[in-house]
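Presented below is the structure to which this report refers.
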There are 2 protein chains.
Amino acid sequence: MSRATGSGWPEKNLIVALVRPEEAGNVGAVARAMKNMGISRLHLVSPCRFDTEAGLKMAHRSRDLLKRANIFESVDEAIAPAAEVIGFTVRRRRKGPIPTAFDRMAGEVLSRASEQPVALLFGPEGTGLTNDDLSKCQRVASITAGSRFPSLNLAQAVLAAAYTLRLAWKERRGRVGGTDRSLSSARELDALYRHLEETLVRIGFLREPSGKSLMRDLRRVFARSRLDSREVRILRGILRQIEWAMDVRRKT
Amino acid sequence: MSRATGSGWPEKNLIVALVRPEEAGNVGAVARAMKNMGISRLHLVSPCRFDTEAGLKMAHRSRDLLKRANIFESVDEAIAPAAEVIGFTVRRRRKGPIPTAFDRMAGEVLSRASEQPVALLFGPEGTGLTNDDLSKCQRVASITAGSRFPSLNLAQAVLAAAYTLRLAWKERRGRVGGTDRSLSSARELDALYRHLEETLVRIGFLREPSGKSLMRDLRRVFARSRLDSREVRILRGILRQIEWAMDVRRKT
């Protein structure tokens, strides 16, 4: 069991598993999509031949990933290393479980993958995962799409799933405070809100009885925006400038 | 100019434009990706032949969309109906603009598309958009990916972009949730930003040379916050009050 550190992308713990893929071009395109998004472990269950011209062409510069793919005879073997398996399906199957949008669970899946291997399981192009396959999954997911034609090509589905994890990871890093953007602290935000309130009272915008609820609305606007420290400094600079401008006017 | 109502998916105002696509299979896969995500307007600039076996196969059940594609001889013609054009590129080009992650701007793009046509512009497989193409775009975007191999296949890039808009739309619908919160329109936001800029110039906060970049930072703060119409009114009320307070001071 490999462990990914801190806020690092958990590449070692992410497995894409394809069950009986039928088209070499799709397997190649899956390899490229994985490499684009930083996933390297490809598990294949009874695949078609994929080292064909079409497969290698779609794999583009990720043939290394194709070559290192692990091949299994059963779904059970392919998902054996995973502490959690997410099965992808387009819509609810007869007697099957109801899928949840993958974007709703991506954060949790990522948390799991920071500690234990996780497998994303995709079925054959024509028929998708069977109910038997889905019964081996801890979660059943679908890719958010339009309602009229939600059935994605296999490689497109893998790309969308991996991309969703990337977005969740980026959001987390943004919140945790990665290298390029460090979120403002609670102290900085409190100081900003106090400063804002004082200025708004001073210009006569905040008055009872609506003052408290307006201030709550404004806090909400800035809370949703997830300000970084630099942005807090810019906003406080504006507040200071308002005060300065009023003082200048008063003196002239 | 078509207008999409309320919180509806703005299908009529979303255009995918491909510049000189080289592979029929990719054009077909783009059509399928668009149909998956509920986008139907495909504009092609000097494309390869795409009604080939490979193209039709990848298009799967979206051949109707391929057949209705509009074909143009120049980028200018292809983007002419669009009030806003977003050019996609992998990374900063020499002397080119710095791309912003598309997931950061998807909410704003969606707001714009609720009122006016918007075009997502993608370059040829081998070389991507030229600097000349990018100069015709109001925004330059990249698809969030891993850092080592971020160059997506053309159809994968289109899928990721369209999927990002779907996620933004879903988030908005979730937040708007029923009756009381209707997100601000692009027009309301534009008016807010103009008003903010005027006020900041007036109080002496915005000055060249840093004025433009500060204004961009402030737009980003409010864009992330996804303001509703009521919040825009509150913020503009504050701006009016600042002006009023300065006038009062001047007169006393």
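Residue pairs meeting the side-chain hydrogen bond (donor to acceptor under 3.5 Å, both in side chains) criterion with at least one partner in residues 142-163 of chain A, sequence neighbours excluded, are A:Asn26-A:Asn153, A:Asp103-A:Thr144, A:Thr144-B:Lys170, A:Arg148-B:Glu11, A:Tyr163-B:Thr164.
Comparing A:Met37, A:Arg32, A:Arg166, A:Lys35 by how many heavy-atom pairs each has under 4.5 Å with chain B, the most go to A:Arg32. Note: A:Ile238 leads A:Ile234, A:Ile238, A:Leu214 in heavy-atom pairs under 4.5 Å with chain B. Taking B:Ala101, B:Ala155, B:Pro150 one by one and counting their heavy-atom pairs under 4.5 Å with chain A, the maximum is reached by B:Ala155.
With sequence neighbours excluded, no residue forms a salt bridge (charged side-chain N to carboxylate O under 4.0 Å, His left out) with A:Arg236.
Looking at A:Ile242 and B:Thr199, their side chains never come closer than 4.5 Å, going by heavy atoms from C-beta outward.
Here A:His60 contributes atom NE2 and B:Phe149 contributes atom CZ; the two are 5.0 Å apart, rounded to the nearest 0.5 Å.
Minimum interatomic distance between A:Arg224 and B:Arg226 (heavy atoms only, all atoms of both residues): NH2-O, 3.4 Å.
The main-chain N or O of A:Phe222 is never found under 3.5 Å from a side-chain atom of B:Ser225 such that the two would form a donor-acceptor pair. Of the possible donor and acceptor atoms, none in the side chain of B:Asn36 sits under 3.5 Å from a partner among the backbone N and O of A:Gly146. The backbone N or O of B:Gly204 lies less than 3.5 Å from a partner atom in the side chain of A:Gln241, making a donor-acceptor pair.
Neither the backbone nor the side chain of A:Ile39 comes within contact range of chain B; no heavy atoms are under 4.5 Å apart. Neither the backbone nor the side chain of A:Leu206 comes within contact range of chain B; no heavy atom of the residue lies under 4.5 Å from a heavy atom of that chain. Within the 4.5 angstrom heavy-atom criterion, atoms from both the backbone and the side chain of A:Arg61 approach chain B. With a 4.5 Å cut-off on non-hydrogen atoms, B:Ala223 does not touch chain A at all.
Evaluated for a side-chain contact (heavy atoms from CB on, under 4.5 Å) with B:Glu231, the options A:Asp217, A:Val221, A:Leu218 yield exactly one hit, A:Val221.
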